[in-house]
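Residues take their numbers from the sequence shown, with the count starting at 1. Predicted model, so just to flag it, every value in this text is computed and none were measured.
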Amino acid sequence: MLPMEDINLCAAQLQAALAAGDLSTLQRTVHTLKGAAGMVGAQQVYRQCQQVERDCAGNPSGCSAALAELALALTSLLGMIDSVLAGVREDLAPEPGLPAMAPAPARRLLRQLAQLLDDGDGAAIDLLEQSASVLAASLGVAVFQEVAAAAHQFEFETALALLPAQPPR
C-alpha cells in the first residue's frame, strides 16, 4: 500500500506536470491510475480520474482543482484500505488459549465448538465429525480424540474443559 507521503508526492508530481505543460505525462499517469482504480472497484478514484481527463482535455488550466479532488479521493481510499487491513490483522491474531498457529477458520470452529459444548448442544458432535481434520490439526490429535470421546459420551462439560482456555465469544 502507498504511504501518505507517496500520495502527496504523486499529487505533487501531477501538479508539476500540469505546471510544466507536460499534459501527455499527466494524462498517461491519470489514465493508468483510472484503469487500476476500475480493476479494484475504487469507484470514487475512478470517477475523479475521469474528471481530471475531461478537464485536462478541454481546459488544462482547470485541472488543478480536479487533481486536488483526486488526491482527496486517493487519501479516502487508503483510509478505507487501512481500516479493512486492521480488521484482517485482528482476525489473524492468535487468541489467548488457542494454538498460536491456528488459522482463522480453525479458530472460528473452535469458538463454535466451545459454544455448542457450553450450550449442551448435540450439534457439537456433528461439528467434531465434520471438521475432524481441521480440529485435530489445531488441537493436536490426542486432545482432539479426548474431546471427541467425551462429546460422544455426552459429557459436554468434560469436553469443554479439555479445550484450551475458552476463546472469547
Would you give the length of the straight line joining atom [atom1] of [X] to atom [atom2] of [Y], rounded to the nearest 0.5 angstrom?
X    : Y    : atom1 : atom2 : result
L26  : C56  : CG    : SG    : 4.0 Å
L113 : S131 : CG    : OG    : 9.0 Å
R47  : E69  : CZ    : CD    : 12.5 Å

Among all residues two or more places apart in sequence or in another chain, which pass the ring-ring contact (aromatic ring centres under 6.0 Å, His included) test with Y46?
-> none
In terms of hydrophobic clustering (I, L, V, M, F, W, Y; side-chain heavy atoms under 4.5 Å; direct or indirect links), are [X] and [Y] co-clustered?
X    : Y    : result
V40  : L78  : no
L23  : L70  : yes
I125 : F144 : yes

Side-chain contact, heavy-atom cut-off 4.5 Å: V52 with L14?
-> no
Pairwise side-chain contact, Q112 with Q115, heavy-atom cut-off 4.5 Å (strictly under) =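 No - every pair of side-chain heavy atoms lies 4.5 Å or more apart.
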Just jot down the disulfide (SG to SG under 2.5 Å) partners of C49, sequence neighbours excluded, or say none.
->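 Listed in chain order: nothing, the list is empty.
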Among all residues two or more places apart in sequence or in another chain, which pass the side chain to side chain donor-acceptor pair (under 3.5 Å) test with [X]?
X    : value
R54  : Q51
E129 : H152
S24  : D22

Which atom of [X] lies closest to which atom of [Y], heavy atoms considered:
X    : Y    : value
L127 : L135 : O-CD1, 4.1 Å
A151 : A159 : N-CB, 4.0 Å
D55  : A66  : OD2-CB, 3.3 Å
A114 : L160 : O-CD1, 3.6 Å
P164 : L139 : CD-CD2, 3.5 Å

Which salt bridge (charged side-chain N to carboxylate O under 4.0 Å, His left out) pairs, counting each pair once, include a residue from residues 148-165, with sequence neighbours left out?
->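 Not a single pair qualifies under salt bridge (charged side-chain N to carboxylate O under 4.0 Å, His left out).
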Check side-chain contact (heavy atoms from CB on, under 4.5 Å) between [X] and all other residues, then give those that pass, not counting sequence neighbours.
X    : answer
E53  : V30, H31, K34
L162 : E146, V147, A150, T158
Q145 : V141
A65  : none

Would you say [X]'s side chain and [Y]'s backbone share a donor-acceptor pair under 3.5 angstrom?
X    : Y    : value
D119 : D121 : no
S76  : L72  : no
Q15  : L67  : no

Decide yes or no on side-chain contact (heavy atoms from CB on, under 4.5 Å) for L163 and V143, but give the supporting numbers first.
-> CA-CA 8 Å; L163 291 178; V143 172; 5.6 Å; no
